[in-house]
J.: 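Dropping a structure here in structure tokens format, bear with me for questions.
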Number of protein chains: 2
Amino acid sequence: MLQWRSETRPSRNAAFAATLQDAPTGQLAEVIGLMGACMKFDRGAEIFAEDEAAEYIYMVASGAVRLSKLLSDGRRQIGAFYLPGDIFGLEAEETHSFSAESICDSQVVLVKRSALVAEAVRDGEMARQLWGKTVGHLQRAQSHMLLLGRKNAQERIAAFLMEMAGRQDSDGSVELPMSRQDIADYLGLTIETVSRTLTQLERDGVISMPISRHIVFNDAAALDKMNDGWAA
Amino acid sequence: MLQWRSETRPSRNAAFAATLQDAPTGQLAEVIGLMGACMKFDRGAEIFAEDEAAEYIYMVASGAVRLSKLLSDGRRQIGAFYLPGDIFGLEAEETHSFSAESICDSQVVLVKRSALVAEAVRDGEMARQLWGKTVGHLQRAQSHMLLLGRKNAQERIAAFLMEMAGRQDSDGSVELPMSRQDIADYLGLTIETVSRTLTQLERDGVISMPISRHIVFNDAAALDKMNDGWAA
DNA sequence: CGATTAATTGACAAAACTCAATACGAGTGG
DNA sequence: CCACTCGTATTGAGTTTTGTCAATTAATCG
């Protein structure tokens with residue numbers, strides 16, 4: 001997948017005007033990369049907060065980001081993880097209803113929402129892509145609802161591993177940038193249940209965990225079967 | 001809320017061309033009402049199926065619709081309920097990933113997706129509204145994820161009742177068009193848990209149920225508190 | 001009024017959660 | 001290079017919530 005580096009990207013102001021001419025039917029990601037300014041975020045840093053005005057649209061250049069909502073009593077739901085190449089910040093019209101934090105040290109490209117909208121007004125293809133991305137996020141959210149509503153712990157973990165594998169161009173293993181607590185809050189489980197379920201899958205020979213955040217698939221078919229009948 | 005009747009709506013072919021001129025900055029709902037054709041669906045009838053090409057965009061005129069996904073083993077997740085005035089069918093780009101069924105006898109207005117898109121190309125305001133509606137659906141889906149991920153049965157039921165009340169212009173009561181099974185599949189619970197939880201709320205004096213599908217709020221503040229810290 | 005579907009209730013089982021203790025691992029300083 | 005520390009992850013024991021299966025009651029429709 002895309003692995004943007006700020007060094008290889010022309011600086012914003014220089015490229016701005018020219019870019020828009022060059023990309024009349026531009027890929028959204030390209031345009032964001034060219035129009036946007038790159039920012040670094042440390043592990044745990046907040047990219048935007050709940051109730052903050054939604055002024056920018058974002059793209060992960062490197063690292064990983066979580067979209068989360070925290071409750072008064074400490075419960076937390078993670079709505080999505082964003083990996084390099086992913087665009088986010090589309091889920092708000094006026095203000096954000098979730099916050100976004102950097103899971104590890106990350107680089108994120110920011111574009112003014114107003115600039116993208118202005119571009120979309122002129123370029124129908126751009127409008128179509130912005131809408132399409134939003135529909136894509138909606139489908140992911142629906143797919144996630146499915147998982148949260150009716151899957152047991154093992155099915156959730158299996159679905160999660162397959163999802164992450166599908167989003168990395170992985171051989172037969174996944175590198176997890178997020179903690180067990182993040183996974184738990186994404187899947188609607190406790191950290192203990194996540195841990196036990198992973199251990200059980202390892203005992204069953206389905207996966208191996210050389211280190212806790214690197215998971216090797218020994219029997220991808222078995223994982224597939226746990227997902228049976230559901231979209232990823 | 002809107003309570004469209006097919007009789008009061010000009011027939012499609014007659015009004016089509018004129019309509020578009022009349023509504024240069026039209027409300028999306030208005031335009032759909034004027035451009036669309038009205039169809040009746042019996043209770044339980046399928047409006048569109050999973051994997052079907054997404055050819056239309058829909059608006060509920062009367063009745064109620066559920067968006068659902070069925071598994072091989074019989075588990076079902078309901079992703080959303082649509083009530084009069086609600087627009088749906090935006091969650092797909094090419095093909096539907098959920099099916100939609102009429103919960104009771106309903107009337108639904110259909111518009112060719114291509115016609116709306118063509119309109120959006122000409123009218124930026126229309127494009128903005130289509131995108132905005134999609135974002136709205138995404139926010140609802142995220143809010144629903146939250147509920148499914150971390151709420152207990154009582155909190156889910158309370159959230160559901162408040163949501164439905166908010167969507168009907170209701171005094172202190174809700175009329176539920178859907179069965180207990182539909183509610184259960186929406187909330188990620190079993191029908192028995194839904195039933196028991198409602199009974200418990202009635203015992204506690206929070207609600208009354210003169211009949212099973214009509215729920216009166218005796219203590220809305222108590223319901224509110226069960227929702228504490230969460231968006232509806 | 002009887003038949004059929006929808007909803008409730010009860011008794012028990014299972015899955016996941018809670019609380020507490022222990023182990024692992026990365027980073028730091030001796 | 002090793003020992004120490006702190007955050008992260010795993011494991012265990014016991015509890016709670018929700019699910020399952022079965023029976024009963026209520027509502028709806030001819």
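Throughout, a chain's letter reflects where its sequence line sits, starting with A, and its residues are numbered from 1. Values reported hereafter were calculated over all heavy atoms of this structure, with side chains retained and with hydrogens, waters and symmetry mates removed.
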J.: Measure from the side chain of A:Asn152, starting at C-beta and using heavy atoms only, and say which of C:dA15, C:dT9, C:dA7 lies closest.
T.: C:dA15
J.: Return the nearest nucleotide to the side chain of B:Arg196; candidates are C:dA7, C:dG10, C:dC17.
T.: C:dG10
J.: Any salt bridge between B:Lys69 and B:Asp185, counting N to O under 4.0 Å?
T.: no
J.: Using a cut-off of 4.0 Å on non-hydrogen atoms, how would the nucleic acid contact of B:Ser212 be classed: base, sugar-phosphate, or nothing?
T.: sugar-phosphate
J.: Mind checking A:Arg43 for me? I need base, sugar-phosphate or nothing, with any heavy atom below 4.0 Å counting as a touch.
T.: sugar-phosphate
J.: Would you mind telling me which residue lines up with the more 5' stretch of DNA chain C, A:Ala153 or A:Ile211, judged by nearest nucleotide?
T.: A:Ala153
J.: Check each residue of residues 180-189 of chain A for a non-hydrogen atom within less than 4.0 Å of any atom in DNA chain C, then write out the ones that pass by number, or none.
T.: A:Gly188, A:Leu189
J.: Parallel, tilted or perpendicular: which one describes the rings of A:His144 and A:Tyr186, with boundaries at 30° and 60°?
T.: tilted
J.: Name the residue from B:Arg156, B:Met178, B:Met164 that meets the side chain to side chain contact (heavy atoms under 4.5 Å, CB included) definition with B:Ile183.
T.: B:Met178
J.: Main chain of A:Glu175, side chain of A:Gln168: is a donor-acceptor contact present, judged purely on distance under 3.5 Å?
T.: yes
J.: On DNA chain C, does the nearest nucleotide to A:Val194 precede the nearest nucleotide to B:Arg213 from the 5' side, or the other way round? Give the residue.
T.: B:Arg213
J.: Centroid-to-centroid, B:Phe48 to B:Tyr58, below 6.0 Å?
T.: yes
J.: Any carboxylate oxygen within less than 4.0 angstrom of a Lys/Arg side-chain nitrogen, looking at B:Glu55 and B:Lys112?
T.: yes
J.: Would you say that A:Ile47 contacts A:Phe88 through its side chain, given a criterion of any heavy-atom pair below 4.5 Å between the two side chains?
T.: yes
J.: So does B:Ser179 get a side-chain nitrogen or oxygen closer than 4.0 Å to the phosphate oxygens (OP1/OP2) of C:dA6?
T.: no
J.: Using a heavy-atom cut-off of 4.0 Å to chain A, what are the terminal contacting nucleotides of DNA chain D, in 5' to 3' order?
T.: D:dT8 to D:dA13
